[in-house]
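See below for the structure under consideration.
Remember, it's a predicted structure, so these values are computed and weren't measured experimentally. Positions are given from 1, in the same order as the sequence printed here.
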Amino acid sequence: MKFNFSFVLFVFLCMICTISNASEIPSDLLILTENYSPMNYEENGTLKGISVDLLESVFREIDPAITRESFQIVSWDEGYNTTLNRNNTLLFSTARIPEREHLFLWAGPLMNDPKALFGEKTDAESLMSDISK
């Protein structure tokens, strides 16, 4: 099965309402990301990366009080599960795959991240077994 992996920001329905009516950002807005260089990462206690810069630029236009200091780095699992279970949560960036398409409203893509696997032809069966796990 072939997936087109695109890194995107994904946003709950409440965030889309916020962006379309940018005058009101929820007071409990939670912005989460993970360590995934070069898109988002922490260096010397400062959040950096391509997607961090982009999202900060968007918020500069919507609400200048929201800066990269408002963003929190968490594990991907924690960020993903929090976003699934909490309103007013924005998680960036993650792969947009068919299994997640219906779960979120998406903004992006920020970039494509094609993956390739190489192996000996004689090992194809065990490689495919490992991949499916």
Side-chain angles (χ1 to χ4, degrees):
M1 181 179 288
K2 183 178 177 184
F3 293 110
N4 177 17
F5 286 91
S6 298
F7 281 84
V8 296
L9 305 173
F10 65 85
V11 185
F12 267 96
L13 180 58
C14 62
M15 283 303 301
I16 292 302
C17 294
T18 299
I19 290 171
S20 66
N21 180 11
S23 63
E24 298 219 13
I25 301 281
S27 60
D28 64 341
L29 176 63
L30 182 61
I31 304 169
L32 304 174
T33 193
E34 65 171 326
N35 272 309
Y36 190 77
S37 182
M39 299 304 293
N40 21 273
Y41 61 97
E42 192 171 21
E43 184 177 283
N44 298 323
T46 301
L47 189 57
K48 295 185 175 189
I50 298 164
S51 61
V52 174
D53 294 342
L54 179 61
L55 189 58
E56 185 177 47
S57 295
V58 169
F59 276 114
R60 191 175 304 126
E61 297 298 318
I62 296 172
D63 184 345
I66 299 175
T67 64
R68 69 182 61 216
E69 287 75 25
S70 306
F71 308 164
Q72 296 178 30
I73 291 184
V74 296
S75 70
W76 187 87
D77 287 341
E78 180 183 348
Y80 184 77
N81 288 322
T82 300
T83 306
L84 285 172
N85 295 300
R86 182 185 182 279
N87 289 332
N88 298 331
T89 303
L90 184 149
L91 176 65
F92 72 100
S93 53
T94 193
R96 185 173 186 170
I97 58 175
E99 293 82 3
R100 296 182 191 146
E101 188 69 30
H102 71 282
L103 297 174
F104 309 101
L105 294 176
W106 298 83
L110 299 175
M111 67 178 270
N112 288 327
D113 187 18
K115 302 287 187 215
L117 297 173
F118 297 91
E120 294 291 326
K121 195 173 191 176
T122 58
D123 295 335
E125 188 173 315
S126 66
L127 181 62
M128 292 306 293
S129 174
D130 289 345
I131 292 168
S132 67
K133 293 178 187 173

For residues [X] and [Y], determine if any side-chain heavy atom of one lies less than 4.5 Å from a side-chain heavy atom of the other.
X	Y	answer
Y36	T94	no
T82	L32	yes
L55	T33	no
L47	E56	no
F59	R68	no

Could you pull out the closest heavy-atom pair between [X] and [Y], with the gap in Å?
X	Y	result
W76	R100	CH2-NH2, 3.4 Å
H102	E99	CE1-O, 3.3 Å
N40	S51	OD1-OG, 2.5 Å
R60	P64	O-CG, 3.6 Å

With D28 via side chain to side chain contact (heavy atoms under 4.5 Å, CB included) - residues at least two apart: P26, R86, N88

As an exercise, state the distance from [atom1] of [X] to [atom2] of [Y], rounded to the nearest 0.5 Å.
X	Y	atom1	atom2	result
S57	I62	OG	CD1	11.0 Å
L91	E34	CG	CD	7.5 Å
I31	I66	CD1	CD1	5.0 Å

Within one Ile-Leu-Val-Met-Phe-Trp-Tyr cluster: Y41 and M39, side-chain cutoff 4.5 Å: no

Salt bridge (charged side-chain N to carboxylate O under 4.0 Å, His left out) against E43, all qualifying residues, sequence neighbours excluded: K48

Plane angle bin for F104 and Y80 - parallel if under 30°, tilted between 30 and 60°, otherwise perpendicular: perpendicular

